[in-house]
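Working notes, structure below.
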Amino acid sequence: MASTTLYRGFAQAGRRLASRSILTHRASPAVARSWFSSYPAHEVVGLPALSPTMEAGTIASWNKGEGDSFGPGDVICSVETDKATVDFEAQDDGIIAKILAEAGPTEIKCGEPIMITVEDEGDVAAFKDYVLEASSSPAPAPAAAPEPAPAPVAPAPAAPAPAPPVAAAPSGGRVVASPLAHMLAKDMGYDISSISGTGPGGRIIAADVREFEPAAASEAPAATDAAPAQAAMATAQPIPGAGYADYPISESAKEVASRLAQSKRNVPHYYLTVDIAMDELLSLRSTLSSAVGDDSNLGVYELIIKAAAASMKACPSANAAWMESVVRVYDSVDINVVVGTGDKLYTPVIRDCGGKGIKGISSELNSYVEAVETGDFGSEFASMGTFTIMNLGMYGIKSCAPIIREPQSVALAIGSLENRIVPNDDPDSDEIYKESVMMTATLSCDHRVVDGAVGAQWLSAFKAHIENPSTLLL
């Protein structure tokens, strides 16, 4: 054996998670004479990589001590990663001769020695005063090798950034489109300048918007959003590594991530999904916009928020919170709306949506969007409502299963509006099928508060309000 580095069966650990094999330094009898002449045959076992992205971890606790034997399936120690604490299971027989890394907060890189194992119990005593220097001396060589790698730092991949001009090419000059086409494009989240018109003189009509493939449109926002994201990350002063760069996370982003992770762990989620016809709602929006004037800028989102609040009247038990010893049912429907992107993601609350008119909801929503752009935040941005709505339609997403924000019990995600062929429910029509604008809505429920029947009741009421929007005016 020319090499002293072997892969052993210790690589699989913690609930049999698929991961890389563990790098160990094995001393065969011949190698032992060359490197460790004063020690019996042994193996230096490194920290396992318990996930494809794990680069370091800490020893939470040792289940086996020095001198203890182990067999396949025995838990040797618990390793705390950046995502969870998992068990390091043995795959072969052996005896722990020396523990090289004590349990504690000290971070250990994957592959760094954590213990020495032997096959003969009589060899354990020889490692009582073992010093790690002998086994760690070869390690600096591989560590030094990656040093030149920072030369191709992340700025190199940033070169493809000039790609966005390709998406911007279609938007040149004045766009000729019908009012209905403009409305549909706005509601569906499309850039109308990227849609080809089939009307007279190239005019964009409603049918062009409905038949437009959102894939092409979704690439443009993604590209444009990437620029601010890269700019934000650039100001965070990245820490270059061997073929990667680490970007520090802001305190606000850490707090959001921590709360979402806690909610996902604590709340028993289940999901309900329904397809909703939007034709009547779009018609009502057009009527209301004409009545109050174009400056009002009424959108579909405001009507959906109002429909969600109205659905709470039909199913008040969904407007509740889990308080450990009691379930608290709220009188007012206060809805958190998700605005912003990336590190600037906020969930301001619109108070008493059930008592507000659609225009009032629209004005408040627009003020929040402007606040995100200007950085002028009020107390509403730090307040928790009783319900959360997430709109991903602008990105061409059909459906999403949102994470419930504790202590809320439900969260709603709505997808993009799209033109579909559906069964014709008009008894006076000779056509079997018809064309309709549809939307997919997904409701996440906390099963401790909202069981399946209650969740279905709420979603049914929501669907009824959207498909018969005149009820929102009552």
Side-chain angles (χ1 to χ4, degrees), residues 14-17 51 53 81-86 252-276 301 304-305 307-312 314-330 333-342 345-350 353 383-395 397-416 439-463 465-466:
R15 302 180 185 88
R16 306 293 182 183
L17 293 176
S51 72
T53 58
T81 71
D82 56 343
K83 296 181 175 63
T85 300
V86 294
S252 61
K254 289 180 181 178
E255 183 178 359
V256 171
S258 176
R259 288 182 178 180
L260 289 176
Q262 180 178 348
S263 294
K264 189 63 176 176
R265 286 193 300 266
N266 296 346
V267 177
H269 288 66
Y270 73 92
Y271 311 97
L272 301 173
T273 302
V274 67
D275 290 331
I276 305 173
Y301 196 19
I304 291 175
I305 293 173
S311 301
M312 288 298 184
C315 187
S317 56
N319 193 40
W322 175 262
M323 308 300 290
E324 297 299 337
S325 58
V326 297
V327 172
R328 180 171 298 168
V329 180
Y330 297 97
V333 181
D334 304 331
I335 298 181
N336 289 103
V337 291
V338 180
V339 295
T341 57
L345 190 67
Y346 304 96
T347 53
V349 63
I350 301 178
C353 291
S383 301
M384 177 66 73
T386 63
F387 182 61
T388 298
I389 298 181
M390 179 185 301
N391 178 19
L392 295 176
M394 65 187 73
Y395 300 108
I397 302 300
K398 181 178 180 180
S399 65
C400 166
I403 298 175
I404 298 171
R405 304 169 67 237
E406 290 185 301
Q408 296 177 2
S409 298
V410 285
L412 179 70
I414 56 176
S416 62
M439 179 188 75
T440 299
T442 301
L443 184 70
S444 297
C445 304
D446 182 347
H447 210 295
R448 298 173 300 181
V449 181
V450 180
D451 60 25
V454 175
Q457 181 184 354
W458 187 95
L459 205 55
S460 177
F462 178 71
K463 177 182 172 72
H465 282 304
I466 294 293

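The structure presented is a predicted model; accordingly, all values stated were derived computationally and were not measured. Start at 1 with the first residue, then count along the sequence.
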Name the atoms and distances for all side-chain donor-acceptor pairs under 3.5 Å in residues 321-329, with sequence neighbours left out.
none

Exercise for the section: Determine yes or no for a side-chain-to-main-chain donor-acceptor pair under 3.5 angstrom, with Ser444 supplying the side chain and Ile404 the backbone. Expected result: no

Problem - Check against side chain to side chain contact (heavy atoms under 4.5 Å, CB included), Val267 and Arg448 - result: CA-CA 8 Å; Val267 177; Arg448 298 173 300 181; 3.7 Å; yes

Problem - Test side-chain hydrogen bond (donor to acceptor under 3.5 Å, both in side chains) applied to Thr440 - qualifying residues, sequence neighbours left out - result: Asp275, Arg420

Practice task
With sequence neighbours left out, write down each residue that passes ring pair (Phe, Tyr, Trp, His ring centres under 6.0 Å) with His269, or none if nothing qualifies.
Solution key: none

Problem - Taking every non-hydrogen atom, the tightest pair across Ala411 and Pro402 - result: O-CG, 3.7 Å

Problem - Heavy-atom closest pair, residues Pro268 and Asp446 - result: CD-OD1, 3.4 Å

Problem - Atom pair CD1 (Ile276) and NZ (Lys463), whose distance is rounded to the nearest 0.5 Å - result: 6.0 Å

Practice task
Rounded to the nearest 0.5 Å, what's the gap from CD1 on Ile304 to CG on Asn391? Could you check?
Solution key: 6.5 Å

Completion exercise
When every non-hydrogen atom of Val410 is compared with those of Cys445, the smallest separation belongs to CG1-SG, 4.1 Å

Fill in the blank from the handout: Lys264 meets the side-chain hydrogen bond (donor to acceptor under 3.5 Å, both in side chains) criterion, sequence neighbours left out, with Tyr271

Practice task
Please report the closest heavy-atom contact between Ser383 and Val349, naming both atoms and the distance.
Solution key: CB-CG1, 3.6 Å

Practice task
Please name all residues satisfying side-chain hydrogen bond (donor to acceptor under 3.5 Å, both in side chains) with Thr273, sequence neighbours left out, ordered by chain then number.
Solution key: Thr442

Practice task
Report yes if some heavy atom in the side chain of Phe462 is under 4.5 Å from a heavy atom in the side chain of Leu443; otherwise report no.
Solution key: no

Handout entry: Atom of Leu272, atom of Ala456 and distance for their closest heavy-atom approach
Key = CD1-N, 3.4 Å

Handout entry: Closest heavy-atom pair and its distance - Gln408, Gly385
Key = NE2-O, 3.0 Å

Handout entry: Contacts of Thr386 that satisfy side-chain hydrogen bond (donor to acceptor under 3.5 Å, both in side chains) - sequence neighbours left out
Key = Asn319

Handout entry: Sequence-distant partners of Cys315, side-chain contact (heavy atoms from CB on, under 4.5 Å), two or more places apart
Key = Ser317, Ala318, Val454, Gln457, Trp458

